[in-house]
Amino acid sequence: MRHAFAALAIIALTLAACDKPKHGPDGQRSGNSEVNASNNISANSMFGSVQIRSVPDLCAGRVQLAQGAATVSDACFTGDTNVVLCTDASAANAVRCGVAKGQLSVAGTGADWVSYARVR
């Protein structure tokens, strides 16, 4: 009996935390769940408020190596002081990434897929 009561209480708390967005007569969202100009999205849950940051100009992607090398040309790479994270998404192989103004050079193994992201 106690287990059934506990299960019902958990279900009730979970459903109480769900808040469906409110829509106006023209179908547009209204209320306090809008995205503000700095792309910060806020939400509430049963555990408290949640802050999510959206980065629209994120410099990240995935490239396939050709004979162990690839070059990504993108203006988001501004110079050799950029911090770029690279990982081999195909296998546990070593990857080398070098950044210069306007491009990212990737070296690895064969035709592996490499995921990259510019952090700074």
Check whether any side-chain heavy atom of [X] lies under 4.5 Å from a side-chain heavy atom of [Y], and answer yes or no.
{"X": "Arg118", "Y": "Thr78", "value": "yes"}
{"X": "Arg62", "Y": "Trp113", "value": "yes"}
{"X": "Tyr116", "Y": "Leu85", "value": "no"}
{"X": "Thr71", "Y": "Leu104", "value": "no"}
{"X": "Val114", "Y": "Thr87", "value": "no"}

Considering non-hydrogen atoms only, spot the tightest contact between Cys76 and Asn82 and give its length. O-OD1, 4.1 Å
Got a list of side-chain donor-acceptor pairs under 3.5 Å for residues 92-102, not counting sequence neighbours?
residue	atom	partner	partner atom	Å
Asn93	ND2	Asp112	OD2	2.7

